[in-house]
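Structure first, commentary second.
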Protein chains: 2
Amino acid sequence: MEKKRIVIIGAGFAGLNAARELAKLDVNVTLIDRRNHHTFQPLLYQVALSVLNPADIAEPIRSVFRGVQNVEVLLDEAVSFNLDQRTVMLGSGTELQYDYLVVATGATHSYFGKDEWASLAPGLKTIEDALVIRRRVLEAFELAEREMVEKGTHPQLTFVVIGGGPTGVELAGAISDIAKLYMRHDFRHIVPSQAKVMILEGSPNILGPYPDDLKQKAREQLGALKVEVHTSTTVTDIQPDRVIVKDSEGVSRSIEATVTLWAAGVQASPLGRKLGLPLNRRGQVTVDQFLNPEGYPELFVCGDLAHFEQDGRQVPGVAQPAMQMGTHVAKLINADLKNQPRKPFRYFDKGDMATIGRKAAIAKVVWPFRAHLSGVPAWLTWLLIHVAFLINFRSRLSVLRQWVHTYLFFKNGARLILGLQDTPNGGDPLAQNKANLNSKAMPAGD
Amino acid sequence: MEKKRIVIIGAGFAGLNAARELAKLDVNVTLIDRRNHHTFQPLLYQVALSVLNPADIAEPIRSVFRGVQNVEVLLDEAVSFNLDQRTVMLGSGTELQYDYLVVATGATHSYFGKDEWASLAPGLKTIEDALVIRRRVLEAFELAEREMVEKGTHPQLTFVVIGGGPTGVELAGAISDIAKLYMRHDFRHIVPSQAKVMILEGSPNILGPYPDDLKQKAREQLGALKVEVHTSTTVTDIQPDRVIVKDSEGVSRSIEATVTLWAAGVQASPLGRKLGLPLNRRGQVTVDQFLNPEGYPELFVCGDLAHFEQDGRQVPGVAQPAMQMGTHVAKLINADLKNQPRKPFRYFDKGDMATIGRKAAIAKVVWPFRAHLSGVPAWLTWLLIHVAFLINFRSRLSVLRQWVHTYLFFKNGARLILGLQDTPNGGDPLAQNKANLNSKAMPAGD
């Protein structure tokens, strides 16, 4: 009998893990992503603040499945589905037939309908985003230095981070670190440590999901870094040089901002809508205990695109659940192949952590022991876990090693295709080159 | 008496070395570049072919002069000069007064007046160029794989490199290596090693400046890599999917090209023209034995922008002479400060080498011994010299080491600002952000 064909849309944590596990089964897997690399999102903010380089946290999807014969990788984008015919239409025009479909295209920024804010306050979801943020932050300091030479003075540098979730806190803490520690000896005229860093959070507290004691610790650590935290502060407008906010009393004021960053809202990938299934208000697809939308046992929705409830609470949109969902999908399909009953998915929560800066972090540890850590212990825990992750993630360990790899083991560097033009309404990420290649059908000569 | 102010335009090999040496003197140095990083150009082709990552061969200029109090770095661009008043006007609007001026803005591509070719056949001078080439080459393979899935066939992949100098040979050899060695196990449908790689050279032989025996060796090694070398072949037109050429008999033909790369012509940086001094046909400024254009002892022109003749031959536009010129400028200025006679510049030629691919290269060694090397010995020589260079160039040795640097020694990763929009007619690389910052002059609030 013919092998089952499993199509996976999205090579984030969920899709990549699903493909890795499915590769071990006697099935054919087609993994589709619009980028040629998987991104280790938890460390994106470090790329944005130049602590790490893109290649350190991104891995070409092809390298992950190098030599894995039953996994084919396509650099393409899903544009429409026919769930009854079990087909996916791709941006390239290819139509794929599937026995099982895994949709895991994750989440993107939400500007709550104010899309014009996107260019004024970039968010952080991709390597390209990180390089945009890096550029804005670094250029702000460069400009101030220039202004000093030209005018002997420069406007106050203020970095405003909108959103007090883990990403916002990590960004704000890292900017403060850069300004105070790493840039100390870089400039002759400005004093980078005089830069102001601000977090604007609409709700009464930052780091919503964390327990109160850790929220408190986080605020103390941010205070030590001189990061101003403004809670119950709603952004009503973003302009090129300022952010207009309203406090809980409805009093409006204007905050000057050299650089404004967006870490406030996320929404599910727009692809969710194209499935034609019921969505929650954040555009996520509600799935049952087998990660299926009701009525589609051969369709799995995983990661940030899925709305999965456990013990009456929605599982958070972070890396751990996404990875576990991806792995579980392979188990479910394996059960089907063996005509065994499917086991329901259960999220195994090991805990959560957020870095605040150098030697500063908070960690809610649930496994292997229960603890609330903060400060250096939390930061060291964070560091160890992520170093381990990155290495397992076969990040390039050094130029020398890379050269050895390249020249002796025929394995070369991170083949990142950067600068991808986003096509929000779907479309073909390779359109530009495609026209070119297709024209080859014509006879040569002129 | 007041310290002399030395303004250096361009942080390439010449400008960077001049600044490093001048930093040791009792002078004030202002180093200006439109990018925030120095690029190790000899290895750019390895970034283009994903062997190395941008951060491996680029170093933020500020990091190089971190803590060096008498060197100030400005991210700006020279737009005009008044050599009699000894002033430079910058794109930001700042006017700088100098006692000595060092102009070392290097070279750029020349499409021999056919600027419309630039987008069809990108050249390789900057990290941005390298990432464009990387993207085109990698996407060509991705596209072919997709075509196989869609149509069961794909057009022949052909990579055409225009120009048979060292860069052209390095690019062609590296593409062949990637296709044959590193991509072997990456694709399920296409056979990357079937890709054609071609060098088109107008003159009768490749690697013009090298001795005949090494040219011969190079051709043999390219042959072993199955790189087609077409000499005496002049490009008359470049189209999106083909290159039109004419052979020595004037017979014209069309060559299909999936990706076309430009390594044919370079010309001096356009800034040379703005000096209002006599130029050679490649736009270089003729300088005397003290690296001065006639009549301007306080103006030094170095590196690829300079036309300097020694023993009746022009010193080549490569890294070694540029570095030596930069260092010598500091010696000349030092002599002036001490009222000692200036020593004429003499290029000390250690030799030249070009890699052709893995374990393949040619090297004309002049010092410490005279030899013509090829194959593995030449390649090992090349590898050792460049590894040594990169390390001395404090390239990031690993993520871990980088984290140690970052967290313990307050020194963070390569702060590259990528994606700079080129402004060929001069102008301000920071214009975008500048509007933003300047508007800060206005009172807050609305």
Side-chain angles (χ1 to χ4, degrees), chain A residues 36 50-53 55-56 62 66-67 72 74-76 92-94 131 135 138-140 142-143 146-147 149-150 155 178 181-182 184-186 188 240-241 254 256 258 358 387 390 395 397-400 406-407 410-415 417-419 430 433-434 436-437 439-440 444-446, chain B residues 36 50-53 55-56 62 66-67 72 74-76 92-94 131 135 138-140 142-143 146-147 149-150 155 178 181-182 185-186 188 240-241 244 254 256 258 358 387 390 395 397-400 406-407 410-415 417-419 430 433-434 436-437 439-440 444-446:
Chain A
N36 81 327
S50 318
V51 174
L52 292 177
N53 298 307
D56 298 332
R62 290 202 182 282
R66 160 176 300 243
E72 68 178 357
L74 295 181
L75 184 48
D76 211 330
S92 62
T94 309
L131 293 177
R135 187 176 180 187
L138 295 179
E139 288 189 345
E142 294 292 344
L143 264 165
R146 265 180 20 176
E147 299 261 314
V149 172
E150 191 180 352
I178 288 202
L181 305 177
Y182 313 130
R184 276 201 298 202
H185 306 300
D186 282 8
R188 300 293 160 264
D241 61 338
S254 163
E256 294 204 1
T258 317
R358 177 167 171 275
V387 170
L390 270 189
S395 148
L397 282 189
S398 78
V399 179
L400 288 174
T406 307
Y407 292 122
F410 301 174
K411 190 167 174 317
N412 72 341
R415 293 195 294 271
I417 298 174
L418 301 175
L430 292 182
N433 279 24
K434 194 182 166 201
N436 182 352
L437 243 187
S439 61
K440 288 295 187 316
D446 46 6
Chain B
N36 81 326
S50 316
V51 174
L52 293 178
N53 298 307
D56 299 331
R62 290 201 184 285
R66 158 175 303 242
E72 70 178 358
L74 294 181
L75 184 48
D76 210 329
S92 62
T94 309
L131 293 177
R135 186 173 182 191
L138 295 179
E139 286 189 345
E142 294 293 342
L143 215 43
R146 264 178 22 177
E147 297 262 313
V149 171
E150 191 179 353
I178 288 199
L181 306 176
Y182 314 130
H185 305 299
D186 282 7
R188 302 290 159 265
D241 61 338
I244 314 301
S254 162
E256 294 205 1
T258 317
R358 177 171 171 272
V387 170
L390 271 188
S395 149
L397 282 189
S398 78
V399 179
L400 289 174
T406 307
Y407 291 122
F410 302 174
K411 189 168 176 318
N412 72 343
R415 295 197 290 272
I417 298 174
L418 301 174
L430 292 181
N433 279 26
K434 195 183 166 199
N436 180 354
L437 244 189
S439 60
K440 289 295 186 318
D446 45 6

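In what follows, chains carry the letters A, B, and so on, assigned in the order in which the sequence lines appear, proteins first and then strands, with residues in each chain numbered from 1. Since we're looking at a predicted model, the values are computed, not measured.
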(Q) I'd like to know if the side chain of A:Arg62 reaches the main chain of B:Asp186, judged simply by a donor and an acceptor atom lying under 3.5 Å from each other, with no hydrogens or angles considered. (A) yes
So, taking the atom named [atom1] in [X] and the one named [atom2] in [Y], what distance separates them when rounded to the nearest 0.5 Å?
X        : Y        : atom1 : atom2 : answer
A:Leu74  : B:Leu143 : CG    : CG    : 11.0 Å
A:Arg146 : B:Thr94  : CZ    : OG1   : 6.5 Å
A:Glu139 : B:Leu75  : CD    : CG    : 6.5 Å

Q.
To check you understand the geometry: which heavy-atom pair defines the closest contact between A:Arg66 and B:Arg188, and what is its length?
A. C-NH2, 4.1 Å
